[in-house]
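Counting convention: from 1, in listed order, for ligands and their atoms alike.
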Amino acid sequence: MKILVINCGSSSLKYQLIDSETESVLAKGLCERIGIDGALTHQPAGKDKIKSTPAMPDHKTAIGIVIDQLTDKENGVVESLDEIGAVGHRIVHGGEKFTKSCLITDEVIKEVEECSVFAPLHNPAGLIGVRACQELMPGLPMVAVFDTTFHQTMPKEKYVYPIPYEYYKKYGVRKYGAHGTSHKYVSTRMNEILGRYNTKLITCHIGNGASISAINEGVCVNTSMGLTPNAGLMMGSRCGDMDATVVTYMMRELECTPEEMDTILNKQSGLLGISGLSSDSRDIEDGMKIGNPRCTLAQKMFTNRIIDHIAKYYVELGGCDAIVFTAGIGENSIHT
Ligand code: ADP
């Protein structure tokens, strides 16, 4: 079966058409600047990237353009839409309601909407993609794949925060984790490489966003991200874990609103906040090479938090068969 996979952001949309039998990617691409002007990069397997700038006033138009590319007479990879058997949508937050991927129904859409409080930018964007596909490909089965479900196996003592218990019951405040699809994939792949499944693994997804998971026999037992992705490790522009009182103290000092504080903690902190230069680890590495002390400090802090988590999970798991690194920094940066 050919499956169209869609990862919808607020102004971008990544897609791949996958042959589920061979697991090969038939075509992939990226729509950017949706709602602004529109930019498309489309790449059929084995061919060069095709770049164009079709108008993309909304996500429905963008998905229409993707369909045109996939079925194009010259560069298309399918004759018609009928060849596509299903659509998979990446949805960031599934709260406690979703413990596995599921077929999208009206009820599922309603529940994803309810989970939007924890992912106010991502979940609504995901649903825009779902609705656009429903209109353009009516009747096609669609599946929601959540970033959070892989972590739903954590024991309660790992996911409840030590604040008044009713905040968990009433507001759903707890650790959910993220990057679940990545942790699940790399741990499954590592088990295949090891040739056994009774393994203890520590998986490190270190990209601009970064998280580490402890996985026992294929089941997630702890992870570093929390209620939102801004927990655990220091990241490109997110602070990760620190004394919670820093937040209230600085809000009083800066006289800023919760929204302004969210921006500081998510977009102006991490590598960017410490280096004062960039959230991109390559720029930090370049800064270190010319002796920039704040880049050196940023890199040391970044690495230190990764070590902390690996050590913690090593003890929690009672040992470890393999440590897996993935994502932009994890795969490429020697310094990490
Ligand atoms: P995200 O998906 O969270 O945006 P990625 O997984 O694409 O993040 O990773 C982006 C990060 O990977 C950036 O900080 C970038 O500098 C880093 N990165 C990519 N390639 C390299 C490399 N060759 N050496 C060092 N860092 C790299």
Can you pull out the closest protein heavy atom to atom 5 (P) of ligand 1? Residue, atom name and distance to 0.1 Å, please.
G328 N, 3.8 Å
The protein heavy atom nearest to atom 16 (O) of ligand 1 is D280 OD1, 2.3 Å
Just to confirm my output: which protein heavy-atom neighbour is closest to atom 10 (C) of ligand 1, and how far is it?
N208 N, 3.7 Å
Taking the minimum heavy-atom distance to atom 11 (C) of ligand 1, which of I329, N332, D283 ranks first?
I329
Taking the six-membered ring of Y159 as reference, does the NZ or CZ atom of R174 fall below 6.0 Å from its centre and within a 45° cone about the axis?
yes
Among I274, L271, T296, which residue satisfies the side chain to side chain contact (heavy atoms under 4.5 Å, CB included) criterion with M301?
I274
Determine, stepwise, if the pair D286 / K289 fulfils salt bridge (Lys or Arg N to Asp or Glu O under 4.0 Å).
CA-CA 5 Å; D286 290 345; K289 279 185 206 141; 3.5 Å; yes
Between H183 and H205, how do the two ring planes meet: parallel, tilted or perpendicular, split at 30° and 60°?
tilted
Using a 3.5 Å cut-off on N or O atoms only, is R282 in polar contact with ligand 1?
yes
Need the ligand 1 atom indices (1-based, order shown) with element for anything under 4.0 Å from a heavy-atom of G209.
3 (O)
With heavy atoms of A327 as the reference, note each atom of ligand 1 found under 4.0 Å away.
6 (O)
For the residue pair Y176 and F118, does the interplanar ring angle fall in the parallel (under 30°), tilted (30 to 60°) or perpendicular (over 60°) class?
tilted
Nearest-neighbour protein heavy atom for atom 26 (N) of ligand 1, which is reported as residue plus atom name and distance:
S281 OG, 3.0 Å
Protein heavy atom under 4.0 angstrom of atom 3 (O) of ligand 1, is there one?
yes
Under a plain distance cut-off of 3.5 Å, with no hydrogens placed, do S237 and Q268 share a side-chain donor-acceptor pair?
no
Region of E285 that comes within reach of ligand 1 [heavy atoms, distance under 4.0 Å]:
side chain
Among N123, N7, V108, side chain to side chain contact (heavy atoms under 4.5 Å, CB included) partner for I91
N123
